[in-house]
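Given the structure is predicted, the values throughout are model-derived calculations rather than measurements. Residue numbers begin at 1 in each chain, while the letters A, B, ... track the order of the sequences.
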2 protein chains.
Amino acid sequence: MTGLRERKKAAIRQAVHETALRLAVERGIDNVTIDEIAEAAGISRRSFSNYFTGKEDALIHPDGQQIRAIVDAVRTRPPGEPAWAAMRAVIRGIVREDEQTVQGWAIRTRLALQHPAILAVQLGKHAALERDLAGVVAERDGVDPVRAQVLATAFLAGLRIALRRWIQEELTAHPADIIEQVLDEMEKPFT
Amino acid sequence: MTGLRERKKAAIRQAVHETALRLAVERGIDNVTIDEIAEAAGISRRSFSNYFTGKEDALIHPDGQQIRAIVDAVRTRPPGEPAWAAMRAVIRGIVREDEQTVQGWAIRTRLALQHPAILAVQLGKHAALERDLAGVVAERDGVDPVRAQVLATAFLAGLRIALRRWIQEELTAHPADIIEQVLDEMEKPFT
DNA sequence: GGCATACTTGCCTAATGCGCATTTTTGCCT
DNA sequence: AGGCAAAAATGCGCATTAGGCAAGTATGCC
């Protein structure tokens with residue numbers, strides 16, 4: 001399954017992403033070309049296009065990884081646990097034991113807030129994975145597709161809101177608190 | 001305020017959008033260049049770039065108009081009415097008396113579902129206007145910013161989900177029903 | 001009726017997306 | 001150990017695009 005080849009590809013992907021992120025933060029995104037990223041990462045311009053569809057994609061890449069991880073984690077939660085509780089438990093665990101992940105997510109979200117093009121790509125990627133999450137929710141709770149979609153969408157939207165809040169507060173407070181607060185807020189009835 | 005000049009600009013915008021949409025539906029988006037859209041719309045290629053940042057932007061343009069209209073409508077709802085109820089009332093009114101609007105929205109959402117680039121732009125635009133909606137919600141309910149953001153986000157997300165459902169069902173059922181169903185679903189507590 | 005302003009357009013250049021053919025690498029199996 | 005089939009990297013080329021700049025043109029307004 002996890003052939004060596006695949007892992008190598010993943011490693012290069014990650015490396016290229018990190019290079020892109022570094023350059024983008026250093027000089028500002030608009031002052032970085034794909035050629036430069038490729039060269040700094042030690043691959044050809046053409047190869048860059050084999051890994052990513054563009055700068056934005058390279059910058060946002062880990063978002064996909066992480067949401068995928070969330071989806072998988074939810075899938076392996078104890079059966080019988082309601083989906084919403086499962087998702088909350090998963091994110092709580094990630095925030096507690098993988099501070100780095102949340103930090104990175106915040107950095108990328110900050111970029112997205114400053115550059116509409118990146119925001120668009122980020123939201124597009126999230127939307128794609130939202131499907132998967134909705135699928136897991138559906139088979140977990142055995143609820144109808146609409147309900148599953150609503151739960152999945154609400155959850156990811158909640159994460160984004162929390163991230164934005166955290167960033168607005170200059171990353172001072174503890175992210176866990178803000179996430180909990182926002183998700184609590186989503187649990188309150190809207191009416 | 002609404003100078004003649006502005007309205008003319010808006011009219012051209014609209015015309016260019018319609019041209020772009022027509023061509024995109026006819027030949028498929030990837031087989032349409034900006035040059036062709038510009039020529040078919042009777043403006044120069046360079047002017048196209050003055051109106052829109054790209055093909056996707058031109059295609060999605062009315063989404064902005066409509067969400068803006070929703071925001072304005074919510075703003076002028078009777079004071080004292082809770083924001084969530086106000087938003088529901090507004091969308092109900094639009095669906096009832098402006099079938100065309102919803103139809104158009106569906107067409108564009110269908111395009112977005114088929115072309116990731118368009119989806120990204122659409123979500124980006126929605127996100128931008130979500131701010132405004134959250135602002136209106138905040139000053140209406142007098143709630144804290146997080147609550148307002150949650151309500152605004154949930155509402156727009158609900159609309160998107162409903163639109164997708166409607167499209168999946170081949171636009172058979174009545175859109176009003178699906179929208180009501182999804183928003184009802186969002187009112188149910190997540191826990 | 002004239003003017004200041006805003007809009008349009010053409011020109012130009014750096015940058016991008018991607019198909020295609022070629023070369024190089026690499027995991028793997030005997 | 002060694003060769004091979006598959007996968008990946010690369011180079012090249014072309015159509016397309018984003019957007020600055022400056023000159024021309026239209027137009028709302030006084």
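B:Glu99 CD: more than 12 foreign heavy atoms inside a 6.0 Å radius.
Residue pairs satisfying the salt bridge (charged side-chain N to carboxylate O under 4.0 Å, His left out) criterion with at least one member in residues 18-28 of chain B, sequence neighbours excluded, are listed as follows: B:Arg22-B:Glu26, B:Arg27-B:Glu36. Within the structure, every pair that satisfies the salt bridge (charged side-chain N to carboxylate O under 4.0 Å, His left out) test and touches residues 119-129 of chain A, not counting sequence neighbours, is listed here: A:Asp57-A:Lys125. Sequence neighbours left out, the pairs with a member in residues 171-183 of chain B that pass salt bridge (charged side-chain N to carboxylate O under 4.0 Å, His left out) are B:Arg88-B:Glu180, B:Arg92-B:Glu180.
Hydrophobic clustering, with ILVMFWY side chains joined whenever heavy atoms are under 4.5 angstrom apart, groups A:Ile91 together with B:Val146. Hydrophobic clustering of Ile, Leu, Val, Met, Phe, Trp and Tyr side chains at less than 4.5 Å, counting indirect connections, keeps A:Leu59 apart from B:Leu123.
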Stepwise side-chain contact (heavy atoms from CB on, under 4.5 Å) check, B:Arg75 with B:Val71: CA-CA 6 Å; B:Arg75 188 180 288 115; B:Val71 173; 3.9 Å; yes

Extract all donor-acceptor atom pairs below 3.5 Å that involve side chains of residues 114-122 of chain B and protein atoms in other chains or at least two apart in sequence.
from     : atom 1 : to      : atom 2 : distance (Å)
B:Gln122 : NE2    : B:Asp63 : OD2    : 2.9

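You'll find the side chain of A:Tyr51 reaches within 4.5 Å of the side chain of A:Lys9, heavy atoms only. The shortest distance between side-chain heavy atoms of B:Trp105 and B:Leu159 falls below 4.5 Å. Under the 4.5 Å side-chain criterion, counting only non-hydrogen atoms from C-beta, B:Asp144 is in contact with A:Gln181.
The closest side-chain donor-acceptor pair between A:Arg13 and A:His61, if any, does not fall under 3.5 angstrom.
Contacts between residues 53-62 of chain B and DNA chain D, defined by a heavy-atom separation under 4.0 Å, are made by B:Thr53, B:Gly54, B:Lys55. Listed by residue number, there are no residues of residues 110-126 of chain A with a heavy-atom contact under 4.0 Å to DNA chain D. For residues 12-39 of chain B, proximity to DNA chain D is found at B:Thr33, B:Ile34, B:Asp35, defined as any non-hydrogen atom under 4.0 angstrom from a strand atom. For residues 43-52 of chain B, proximity to DNA chain C is found at B:Ile43, B:Ser44, B:Arg46, B:Ser47, B:Asn50, B:Tyr51, defined as any non-hydrogen atom under 4.0 angstrom from a strand atom.
Closest non-hydrogen pair, A:Val32 versus A:Gly28, comes out as CG2-O, 3.4 Å. When every heavy atom of A:Val143 is checked against every heavy atom of A:Ala148, the shortest pair comes out as CG2-N, 3.9 Å. Summarising the geometry of A:Ile37 relative to A:Leu23, their closest heavy-atom pair is CA-CD1, 3.9 Å, with the distance given to 0.1 Å.
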Could you go through nucleotides 25-30 of chain D and list every protein N or O atom that sits under 3.5 Å from one of its N or O atoms, giving the distance for each pair?
from   : atom 1 : to     : atom 2 : distance (Å)
D:dT27 : OP1    : B:Lys8 : NZ     : 3.4

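Paired regions of DNA chain D, where each region holds three or more successive Watson-Crick or G-U pairs whose two hydrogen-bonding distances fall under 3.5 Å, are C:1-30 with D:1-30.
The ring-ring contact (aromatic ring centres under 6.0 Å, His included) test applied to B:Phe48 returns B:Phe52, not counting sequence neighbours. Under the side chain to side chain contact (heavy atoms under 4.5 Å, CB included) criterion, B:Ala89 pairs with B:Arg77, B:Glu81, not counting sequence neighbours.
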